[in-house]
Amino acid sequence: MGGAARWELHLCWRTMLKLRNALQHRLLEAVAQALPLPAAVDFPLEPATKPEFGDFQANGAMGLAKVLGRPPRQIAQVVVDHLQVDDLCHPPQVAGPGFINFTIRPEVLAAEVEERLDQPRLGVPMAQPQQPVVVDFSSPNIAKEMHVGHLRSTIIGDCIARLLSFRGHRVLRLNHLGDWGTQFGMLIAHLHHVAPRSLSGREQVDLGDLVAFYRQAKTRFDEDEAFQEHSRREVVKLQAGEPESLGAWRLLCQQSRQAFQAIYDRLDVQLVERGESFYNEALPQVVEELEKARLLVVDDGARCVFLQGMTGKDGQPLPLIVQKRDGGYNYATTDLAAIRQRLASPDAGGEGAERVIYVTDAGQSNHFAAVFQVAQRAGWVPTGCRLQHVPFGLVQGADGKKLKTRSGATIRLRDLLDEAVDRARHDLVERMAQEQRQGEEDFIAQVAETVGIAAVKYADLSQNRTTNYQFSFDRMLALQGNTAPYLLYAYVRIQGIARQGGSLVAAASPICLQAPQELSLARQLLSFDEVILEMEQDLLPNRLCAYLFGLSQTFNRFYDQLPVLKAPDQSRPTRLALCRLSAETIRLGLGLLGIKTIDRM
RNA sequence: GCUCCCUUAGCUCAGCGGAUAGAGCAGUUGCCUUCUAAGCAACCGGUCGUUGGUUCGAAUCCAACAGGGAGCGCCA
């Protein structure tokens, strides 16, 4: 068997739906029998591109036409003649230029649905092998406000971490906080002026709006030369580890930490704090090791590694600077130290990760390519380990330009979330008044919070992460159409049926799929496992969003057009089962996106 | 100047080498006496930036060009 074909087959075994697997094997057997081919040839089976083509399609005949010197439809027909799939599907059809279409028998679909009803993983296998993975995401800067730009890293990173955990990997979620650097000199100097007693630790202070504090310090720094000098002295003192400076630094970090944590709690995002300062002591060693590996070059006073295959303006190789002319280290050094620590074995004080994922904006791809290359050349990346930058597009304003912190027009994450919840609340209250429903304040608050946060998360995750993102308040907070509330609503409808009918668990009665709405819902439900594995392959959460939206659409149609509780006796158990599996699938899928479900809304 | 990304319906975007390119929003029109209408059904809407190439088959892969964005030695 050829290498490509074997790889394809291996992939199928690992990742494809059980039925697809079975069919793929029968198909390959039939091909081997039907066609005079020297070696086994790839003849892949893929999900049908449209419902009218059935469940699966095989397109291999067209590619073989030239090799065999026969018309593709004839080839397809010979393969079909050798196929034995009666137990799984209707007789395969040759269509168009030479497609073979497969339609699974309703009884087979029904049996699959029944089986999945009792599986907490809904058919998704555990990964093999399971790996220790670090996901590095969120990473805001101390003394700065989290804004919409941080949302993408936080939400996408959290989603990827949830997915990999669900697949069985051991995931360490690290928050690479910007908690070190020259800006602290300025902040500490400013603290001296504003709250001198806090420095000695004799007084607890609340700095209130840290962002305003940062801005004041910055303004003063830009205007006042004496203050600049003071700031520089503070940097030196901090780096020398003077207790007073360290105390001030801790105070600033603590204040920021509280503000960040409030957001993470609200977003239900778990992170282990591991700021840049964590790597301070390892920095000299990074440079030393690079020296030993003979990678280090001193250029214009700076110590750097010249990169292979990356050139600058003058066509000369670009350097990655790891120690500045003044002896200070920079973020590249920190990133290298982090890579070493994460990939090192636990015995050596490392994390023992085999895969490290960085969720940052696409603008940093050059930087990561450089850092990864240097780590590789320094021999810090053991065989089988993988460093991966998972980039996302920029958040742009309506003008198509990057939303920048300093432009002043940035939207604070806190405000965005507040606004989202306010809108959800307003919408809910209005709706309840219209429908003359009574609701407790607790209910309203809880629904508004869940719906608002869900809308924000879904708006971000449903977009392909690699493309730039035109930020729009109204679009992000919309409650109609392809939005989180739409998916939540489908779920709520099912819970309504459960409440009304007592339970979704029907008396033991065979599932029998008849109505087209039942069949298409069953088909959609059964493809969940494939979608999850697809999403893992590319780390694209929008694939899962698209699936869940499609599933919800199919469910809403089913709900709209067929009665469940008032269905005829022979249909009710089937419809209840479909409702149950729909609810489970939506709940699990939304859970992987980091979105909570509610029972009423 | 160099490198990377993007260009698909009026708007915002999906689209994994396969058949007649899909959603949502906006617009037009129907549907609540029935499990929640945050819904359903229907209509309208396309030179997939341009030109070549590879392929049985290209929105998808390759090249060039045009337009937009980002990055490019001591910030992160």
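In what follows, every chain begins at residue 1, and chains take the letters A, B, ... in the order their sequences are listed.
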Requested in this report: Look at the rings of F471(A) and F473(A) and say which category their plane angle falls in: under 30° parallel, 30 to 60° tilted, over 60° perpendicular.
Outcome: perpendicular
Within the sub-3.5 Å range, which N or O atoms of nucleotides 34-36 of chain B have a protein N or O partner, and how far apart are they?
residue : atom : partner : partner atom : Å
U34(B)  : O2'  : K566(A) : NZ           : 3.4
C35(B)  : O2'  : I497(A) : N            : 3.4
C35(B)  : O2   : L565(A) : N            : 3.2
C35(B)  : N3   : V564(A) : N            : 3.1
C35(B)  : N4   : Y559(A) : O            : 2.6
C35(B)  : N4   : L562(A) : O            : 2.5
U36(B)  : O2'  : Y489(A) : OH           : 2.2
U36(B)  : N3   : M601(A) : O            : 2.7
U36(B)  : O4   : M601(A) : N            : 2.6
U36(B)  : O4   : M601(A) : O            : 3.2

Nucleotide of [options] approaching [X] most closely (side-chain heavy atoms):
X: Q553(A); options: G18(B), C74(B), C40(B); answer: C40(B)
X: L394(A); options: C75(B), G69(B), C40(B); answer: G69(B)
X: F549(A); options: A76(B), A38(B), A23(B); answer: A23(B)

If you measure from the [atom1] atom in [N] to the same atom in [M], how many Å do you get, rounded?
N: G15(B); M: A59(B); atom1: C1'; value: 8 Å
N: G68(B); M: A63(B); atom1: P; value: 22 Å
N: C48(B); M: C43(B); atom1: P; value: 23 Å
N: A21(B); M: U60(B); atom1: P; value: 15 Å
N: C40(B); M: A23(B); atom1: P; value: 13 Å

**Report entry** Lys/Arg N to Asp/Glu carboxylate O, R423(A) vs D427(A), below 4.0 Å
**Finding:** no
Query raised in the report: Listed by chain and number, what are the ring pair (Phe, Tyr, Trp, His ring centres under 6.0 Å) partners of Y486(A), not counting sequence neighbours?
Result: F549(A)
For atom [atom1] of [X], decide whether the heavy atoms of other residues, nucleotides or ligands shown that lie under 6.0 angstrom number more than 12.
X: E435(A); atom1: CD; answer: yes
X: R499(A); atom1: CZ; answer: yes
X: K324(A); atom1: NZ; answer: yes

Query raised in the report: What pair of heavy atoms forms the shortest contact from W249(A) to I188(A), and how long is it?
Result: N-CD1, 4.3 Å
**Report entry** Residue whose nearest RNA chain B nucleotide is more 5′ - D427(A) or N59(A)
**Finding:** N59(A)
Report task. Quick one: stems involving RNA chain B, counted as three or more successive Watson-Crick or G-U pairs, both distances short of 3.5 Å. Result -> B:1-7 with B:66-72, B:10-13 with B:22-25, B:27-31 with B:39-43, B:49-53 with B:61-65
Query - Protein-nucleotide distance (K66(A), atom NZ; U55(B), atom P), rounded to Å - result: 6 Å
**Report entry** Y486(A) aromatic ring stacked with six-membered ring of A38(B), 5.5 Å and 30°
**Finding:** no
Query raised in the report: Under 5.5 Å between ring centres and under 30° between planes: does that hold for F99(A) against the base of G18(B)?
Result: no
Report task. Record whether the side chain of N556(A) comes under 3.5 Å of the base of A37(B) through a donor-acceptor pair of N or O atoms. Result -> no
Report task. Have a look at C56(B) and give me syn or anti from its glycosidic angle (syn if within 90° of zero). Result -> anti
Report summary line: Once base and sugar-phosphate atoms are separated, protein heavy atoms under 4.0 Å mark nucleotides 6-16 of chain B, 5' to 3', with B, S and - as ------SSSSB
**Report entry** Any pair counted as side chain to side chain donor-acceptor pair (under 3.5 Å), so long as it reaches residues 451-462 of chain A, sequence neighbours left out
**Finding:** R152(A)-D460(A), Y458(A)-N482(A)
Query raised in the report: Does a side-chain N or O from K50(A) land closer than 4.0 Å to OP1 or OP2 of G18(B), or not?
Result: no
Query - Ring-ring centroid check H176(A) Y358(A), cutoff 6.0 Å - result: no
Requested in this report: For P72(A), answer base if it contacts any base atom (sugar-phosphate contacts may also be present), sugar-phosphate if it contacts only those atoms, and nothing otherwise; contact means non-hydrogen atoms under 4.0 Å.
Outcome: nothing
Query raised in the report: Which residues satisfy the side chain to side chain contact (heavy atoms under 4.5 Å, CB included) test with A337(A), sequence neighbours excluded?
Result: Y279(A), A282(A), L283(A), V286(A)
